[in-house]
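One structure is given below, encoded as structure tokens.
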Amino acid sequence: MPDYLRVDETITPSPVQGSAGLRMLLEILRRRHPTGADCLLIGQSASLGQASGKARNGASVALAGLPVSLLNALQVPNSPDLQLLGGAVRKGGPVNVLMADGSVRGIMDRPTLSSLNYEEIKWA
């Protein structure tokens, strides 16, 4: 099992967990990014949660914190949860998982933003 970056200190926890919580998380991110974020980053957290930020280059970044069980489920191509989270980004925007070593891994058939540094994003 891969090691994911912990994002508990960055995210705002969702009051609803499970599948309903994932849909709520998407609704919150879509309100913050009405046309879709430029990129979605997904990290590990104790419970579902989200945050929004700006990269140095001005790109809007949505962050989803997911329990490890959901993160592992996203590794299945075309999983329903992965397709749902893909709705948080603009059409064709990257969806990346944050790894514990600081790297990012693309999990959809979209480009990977390997140049994006989690530590340099200004979180709102």
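Keep in mind that what you see is a predicted model, and the values were worked out from it rather than measured.
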When you measure from the side chain of D8 to the backbone N and O of A46, does any donor-acceptor pair fall under 3.5 Å? yes

Value rounded to 0.5 Å, distance of CD in Q50 from CE in M24: 10.5 Å

Does the side chain of D101 pick up a donor-acceptor pair with the side chain of S103 at under 3.5 Å? yes

State whether the number of non-hydrogen atoms from other residues, nucleotides or ligands found under 6.0 Å of R6 atom CZ is greater than 12. yes

All heavy atoms of T35 vs all of R30, minimum pair found to be C-NH1, 4.1 Å

Is there a side-chain contact between V95 and L85 (heavy atoms, below 4.5 Å)? no

Could you report the tightest heavy-atom contact between M99 and D3, atom names first, then the distance? CE-O, 3.6 Å

In short, A51 meets I11 closest at the heavy-atom pair CB-CA, 4.2 Å

Could you tell me which non-hydrogen atom of P13 sits nearest to which non-hydrogen atom of S47, and how far apart they are? CB-OG, 4.0 Å

Please round to the nearest 0.5 Å and tell me the distance separating atom CG of D81 and atom CG of L22. 5.0 Å

Atom CD in Q44, atom CG in N72: separation rounded to 0.5 Å? 8.5 Å

Could you check if a side-chain atom of W123 sits within less than 4.5 angstrom of a side-chain atom of V61, using non-hydrogen atoms only? yes

Going from CG on L82 to CD1 on I42, what distance comes out if it is rounded to the nearest 0.5 angstrom? 6.5 Å

CD1 on I28 to NE2 on H33, rounded to 0.5 Å: 11.5 Å

Is any side-chain heavy atom of L63 closer than 4.5 Å to one of I121? no

Separation of L71 CG from I107 CD1 (nearest 0.5 Å): 7.5 Å

Closest heavy-atom pair and its distance - G65, S45: C-OG, 2.9 Å

Can you name the closest pair of heavy atoms from N96 and C39 and give their distance? ND2-SG, 3.8 Å

Dump the intermediate steps for side-chain contact (heavy atoms from CB on, under 4.5 Å) on L74 and L66, then the final yes or no. CA-CA 10 Å; L74 294 181; L66 305 178; 3.5 Å; yes

Hey, does K54 have a side-chain heavy atom less than 4.5 Å from the side chain of S60? yes

What residues, two or more places apart in sequence or in another chain, satisfy side chain to side chain contact (heavy atoms under 4.5 Å, CB included) together with A59? D38, A55, N57

